[in-house]
Novice: 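Can you read through this structure? Questions will come right after.
Each ligand, and each atom within it, is numbered from 1 in the order the structure gives.
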Amino acid sequence: MNDGDYVLGTRDDEVERLGLQHRVWRGRVLEAFRRARIRSGQRVVDVGAGPGFVTADLASLVGPSGRVIALERSPHFVDKLRSRGLANVEVREHDVSQQFGLGGADASWCRWLLSFVPTPAATVRHIGDALRPGGIAVFHEYAAYETWRIMPPNPLQERFRSLVMQSWSESGGEPDVALWLPQWLAEAGLEIVETRILADIITPADETWQWPRAFMETGARRLHELGYIEATEVEAMAVLLDEPPEGAHMLTPLVAEIIARKR
Ligand SMILES: C[S@@+](CC[C@H](N)C(=O)[O-])C[C@H]1O[C@@H](n2cnc3c(N)ncnc32)[C@H](O)[C@@H]1O
């Protein structure tokens, strides 16, 4: 498997960005795990674990008597996951389009993955198969990526956002994949027990600002690498959120939190 096939890339600058993203989102993730009652002794599947920032949190939640099975396709991210040396984490290099070969898990976690897989409904089915009856699946996936806007709107950011969405679609994904989740979950034998919208209006003084800022920095380079923008456009996009105009605000892209239980 070639890491380059994954539209966001898997280089070290992407690992760094995922780390920053994790710091910004960590509170909400832990809150979702609390509501899903993920706890000590449980067996939890981290689906598309990336370099393992959330995996490490899950490992600490389930403790030495529990187990986290981290599924990830990118060999580079798999190395990062393994180098964490977490005793209660089993790392498997695996394409989640294929059956997981797992059953009886107490819970699963899946964030910002389904937008990038060509057959997300199949992945949701595999998640269902991996859970025991009563097992809980937690998702954080985009439902309305076009909500990501600067206030007032900025043409360069609007162009960046459109090209990002285009690049995800053209690589076989769907940015607003959460819109289909209720249907796929029902088909996979899971009932939704809780939903919420995760979106904010932020200013450059908020730590959350660093998340889209970093995404534009790595994303502009990636868009050029993939042939969506000219080299001359990269710099202006990459630094757009570094020094926003006085009074700028931003609406973050809308994430749907969906917690479902296997029947
Ligand atoms: C945006 S990252 C999110 C990583 C992690 N879930 C998080 O929230 O930090 C998407 C991850 O999905 C992985 N991925 C994409 N397609 C995959 C597939 N078919 N099988 C397994 N992992 C995949 C990528 O390699 C990447 O690690």
Novice: Pairwise, report which nitrogen or oxygen atoms of ligand 1 are under 3.5 angstrom from protein nitrogen or oxygen atoms, and how far apart they are.
Specialist:
{"unit_1": "ligand 1", "atom_1": "6 (N)", "unit_2": "Gly48", "atom_2": "O", "d": "2.8"}
{"unit_1": "ligand 1", "atom_1": "6 (N)", "unit_2": "Arg111", "atom_2": "O", "d": "3.0"}
{"unit_1": "ligand 1", "atom_1": "8 (O)", "unit_2": "Arg111", "atom_2": "NE", "d": "2.6"}
{"unit_1": "ligand 1", "atom_1": "8 (O)", "unit_2": "Arg111", "atom_2": "NH2", "d": "3.1"}
{"unit_1": "ligand 1", "atom_1": "9 (O)", "unit_2": "Arg111", "atom_2": "NH2", "d": "3.3"}
{"unit_1": "ligand 1", "atom_1": "19 (N)", "unit_2": "Asp95", "atom_2": "OD1", "d": "2.8"}
{"unit_1": "ligand 1", "atom_1": "20 (N)", "unit_2": "Val96", "atom_2": "N", "d": "2.9"}
{"unit_1": "ligand 1", "atom_1": "22 (N)", "unit_2": "Arg73", "atom_2": "N", "d": "3.4"}
{"unit_1": "ligand 1", "atom_1": "25 (O)", "unit_2": "Glu72", "atom_2": "OE2", "d": "2.6"}
{"unit_1": "ligand 1", "atom_1": "27 (O)", "unit_2": "Glu72", "atom_2": "OE1", "d": "2.8"}
{"unit_1": "ligand 1", "atom_1": "27 (O)", "unit_2": "Glu72", "atom_2": "OE2", "d": "3.3"}

Novice: What residues form a side-chain contact (heavy atoms from CB on, under 4.5 Å) with Gln21, not counting sequence neighbours?
Specialist: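 Checked Gln21 against side-chain contact (heavy atoms from CB on, under 4.5 Å); matches are Arg17, Leu18, Trp25, Trp112, Trp211.
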
Novice: So, Thr208 and Asp206: side-chain donor and acceptor under 3.5 Å apart, yes or no?
Specialist: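 No, because no side-chain N or O of Thr208 sits under 3.5 Å from a partner of the opposite role on Asp206.
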
Novice: Is the shortest distance from a Lys or Arg side-chain nitrogen in Glu141 or Arg111 to a carboxylate oxygen in the other one below 4.0 Å?
Specialist: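 Judged by the 4.0 Å cut-off on N to carboxylate O distance, Glu141 and Arg111 do not form a salt bridge.
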
Novice: Not counting sequence neighbours, which residues clear side chain to side chain donor-acceptor pair (under 3.5 Å) with Arg34? List them please.
Specialist: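 So Arg34 forms a side chain to side chain donor-acceptor pair (under 3.5 Å) with Glu31.
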
Novice: Any Lys/Arg nitrogen of Glu257 or Arg35 sitting under 4.0 Å from an Asp/Glu carboxylate oxygen of the other?
Specialist: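 Judged by the 4.0 Å cut-off on N to carboxylate O distance, Glu257 and Arg35 do form a salt bridge.
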
Novice: Show me the donor-acceptor pairs within less than 3.5 Å that the side chains of residues 53-69 make with the rest of the protein, sequence neighbours left out.
Specialist:
{"unit_1": "Thr55", "atom_1": "OG1", "unit_2": "Asp46", "atom_2": "OD2", "d": "2.8"}
{"unit_1": "Asp57", "atom_1": "OD1", "unit_2": "Arg26", "atom_2": "NE", "d": "3.3"}
{"unit_1": "Asp57", "atom_1": "OD1", "unit_2": "Arg26", "atom_2": "NH2", "d": "2.8"}
{"unit_1": "Asp57", "atom_1": "OD2", "unit_2": "His22", "atom_2": "NE2", "d": "3.1"}
{"unit_1": "Asp57", "atom_1": "OD2", "unit_2": "Arg26", "atom_2": "NE", "d": "2.9"}
{"unit_1": "Arg67", "atom_1": "NE", "unit_2": "Glu90", "atom_2": "OE1", "d": "3.1"}

